[in-house]
Novice: 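I am attaching a structure below and will ask some questions about it afterwards.
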Amino acid sequence: MEPIVVAKNLTKSYTKGLRALDNVSLTVDQGKVLVVMGPSGSGKSTLIRTFNGLETFDKGELNILGITVDSTHDERKIQKIRRRVGMVFQQFNLFPHLSILENITLAPVQVQKRRQIEAEEHGMYLLSQMGIDSHARKYPNQLSGGEQQRVAIARALALKPELLLFDEPTSALDPERINEVLDAMRKLAEQGMTMVVVTHEISFAKDVSDRVLFLDSGKVIETSPPDIFFSNARHERSRKFLNQLDKN
Amino acid sequence: MKINQKIFLQFGICIILFGLIGILINNLIINLIRTGLGFNFSWLLKPASFALAEHPLPYTSSDSYTWALIIGWLNSLKVIFSSLILATFLGTLIGFARTGKNALLGLISAGYITIIRQTPLLLQLMFWYFVGFLGLKDNMFIQIKNIFNISNQGVEFSGLNFSSEFLALLMGLSIFTSAYIAEVIRGGILSVPRGQWEAFRSLGLSESKGLIRIIIPQALPAIIPGLTSQYLNLAKNSTLAIAVGYSDIYAINDTIINQTGRAIECFIILLVSFLLLNLLITNIMELINRLILKSRQYS
């Protein structure tokens with residue numbers, strides 16, 4: 001079966017010498033969960049954002065769900081990818097002027113031209129899956145951070161995506177709210193969703209991921225199964241990072 | 001001690017303020033006595049005995065000063081509201097072009113804003129009048145079956161006549177104000193967090209749909225106050241009509257002062273009527289603002 005994500009030698013430079021991405025290659029197969037870890041500024045967010053065209057790159061090639069994009073950043077291809085890929089952000093980025101249900105039905109109705117009633121039914125189903133269907137008529141600022149992030153996951157799921165991208169989904173949450181979001185993500189992984197997750201949550205990476213990719217200064221330092229990465233990382237740089245993470 | 005000082009200070013300020021007002025009133029009374037005119041408005045009913053080139057309602061020189069002032073007001077309102085609509089339309093387009101992805105459009109609109117904002121409005125009005133309209137010959141363009149006719153007399157469009165003076169003022173005011181409105185729109189759009197753009201893009205929404213459904217509704221509360229002050233400026237700037245000979249309220253007041261010498265009464269009429277007009281604009285905009293905020297139940 002064809003992989004969902006294939007990145008070949010992705011390179012992106014901000015200014016001369018400074019590279020956000022340096023020859024990054026990776027593959028994510030269907031139904032697998034890839035966790036991307038690394039210190040801040042290592043290029044994790046940049047990498048995951050290239051997957052749905054929010055970031056451009058200068059060199060290399062990217063194949064998402066069989067659609068190949070290169071440094072020319074073809075808008076039409078990116079639009080096609082975005083309709084099949086969901087994304088969840090660190091800051092939730094819910095639309096504050098729309099109700100919870102409207103946040104979820106907007107894209108299915110506007111992009112996929114589904115009927116409003118049908119989109120609302122599916123939206124309510126997704127909200128109940130996330131355990132927040134009682135909030136459907138509320139507005140984002142009436143919800144807690146954890147609830148907002150679960151709405152954001154439901155919104156990303158509304159387009160029935162074949163790949164979900166998570167960009168530090170729990171970093172902006174209160175510690176006691178982190179687990180409700182991680183549990184929702186676990187559930188999705190169990191249902192066979194293909195996911196790429198940028199996170200610092202070791203327990204999540206250990207339990208859920210199939211592989212951990214460690215990034216530093218835009219370079220892939222290593223890609224290992226989680227049991228190896230967390231107990232016996234191959235590289236000195238990875239071990240240093242994990243030690244630092246433990247201390248915090 | 002401290003409280004005493006405060007009272008003393010406020011007392012002092014009051015004395016200075018009343019003193020200044022007293023001097024002004026004194027000057028006014030002395031001048032009124034000197035001209036021997038007194039202070040009254042009975043002259044308003046006398047015939048104006050001057051002609052007006054442009055009058056939306058019937059007017060002859062035997063009509064009263066009051067009627068001439070009303071005609072002036074109608075002319076002012078006509079040019080203010082048509083410029084307001086045109087300026088908003090133009091400004092919105094240019095504001096979007098300025099923030100949009102298209103580099104060429106962005107550059108053109110940035111150039112437009114720079115040129116328009118760095119030159120005086122009076123100069124621009126003169127340009128549109130003398131270069132734009134008076135530069136045209138009689139019937140310079142081919143008439144399209146008597147429907148559309150443009151010449152140095154103005155524009156005739158299916159029976160509707162627009163004078164060169166009105167059009168020069170309309171163009172000048174609209175274009176001048178549109179550059180400022182474009183900046184207000186741009187500021188409003190930039191006030192919406194980047195994450196909102198990323199969120200709608202990642203959902204596959206097109207740029208135009210995202211702008212209409214996500215960005216503009218959130219930018220409006222930041223746009224309305226700036227827009228209001230530009231509308232007020234436009235209304236006040238419309239008094240420059242006198243430069244191109246358009247008979248607006250200010251120009252007619254000027255003529256009346258020349259004829260009657262009633263400068264104080266005329267300026268009071270002018271001040272009060274502009275105050276009322278701008279209060280009307282402010283209140284309408286505040287109402288719109290309140291409706292927008294009300295529709296945003298989340299805030």
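Chain A is the first sequence line, chain B the second, and so forth, proteins listed ahead of strands; every chain is numbered from 1.
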Novice: Select one option (side chain, backbone, both, neither) describing which atoms of B/R194 are under 4.5 Å from chain A's heavy atoms.
Specialist: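 Nothing of B/R194, per the 4.5 Å heavy-atom cut-off to chain A.
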Novice: What part of A/Q110 lies closer than 4.5 angstrom to a heavy atom of chain B: side chain, backbone, both or neither?
Specialist: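 For A/Q110, the contact with chain B is made by backbone and side chain together.
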Novice: Has the side chain of A/K44 got a donor or acceptor atom that lies under 3.5 Å from a matching backbone atom of A/P39?
Specialist: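 Yes, because the side chain of A/K44 sits within donor-acceptor range (under 3.5 Å) of the backbone of A/P39.
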Novice: Answer with side chain, backbone, both or neither: which region of A/R155 has an atom nearer than 4.5 Å to a non-hydrogen atom of chain B?
Specialist: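 Its backbone and side chain both get close to chain B.
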Novice: Using non-hydrogen atoms only, which part of A/V85 is less than 4.5 Å away from chain B: side chain, backbone, both, or neither?
Specialist: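 Only the backbone of A/V85 comes within 4.5 Å of chain B.
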Novice: Measure A/F95 against the heavy atoms of chain B and call it side chain, backbone, both or neither at under 4.5 Å.
Specialist: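 Contact with chain B is through both the backbone and side chain of A/F95.
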Novice: Walk me through whether A/D174 and A/R177 qualify under salt bridge (Lys or Arg N to Asp or Glu O under 4.0 Å).
Specialist: CA-CA 5 Å; A/D174 293 334; A/R177 291 292 190 174; 5.8 Å; no
Novice: Given a strict heavy-atom distance threshold of 4.5 Å, which part of A/L94 is in contact with chain B: side chain, backbone, both, or neither?
Specialist: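 Interface part for A/L94: backbone (N, CA, C, O).
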Novice: Given that the side chain runs from C-beta out, which part of A/E75 has a heavy atom under 4.5 Å from chain B: side chain, backbone, both or neither?
Specialist: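 Only the side chain of A/E75 comes within 4.5 Å of chain B.
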Novice: Okay, side chain of A/T194, backbone of A/G31: is any donor-acceptor separation there less than 3.5 Å?
Specialist: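 Checked: pair present.
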Novice: For the pair A/N63 (side chain) and A/G66 (backbone), establish whether a donor and an acceptor sit closer than 3.5 Å, ignoring hydrogens and angles.
Specialist: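 Such a contact is found between A/N63 side chain and A/G66 backbone.
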Novice: I need the single residue from A/Q142, A/E147, A/Q148, A/R150 that forms a side chain to side chain donor-acceptor pair (under 3.5 Å) with A/H135. Which is it?
Specialist: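 Checked A/Q142, A/E147, A/Q148, A/R150 against A/H135; only one passes side chain to side chain donor-acceptor pair (under 3.5 Å): A/E147.
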Novice: About how many Å separate OG of A/S40 and CD of A/E168, when rounded to the nearest 0.5 Å?
Specialist: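 These two atoms lie 8.5 Å from each other.
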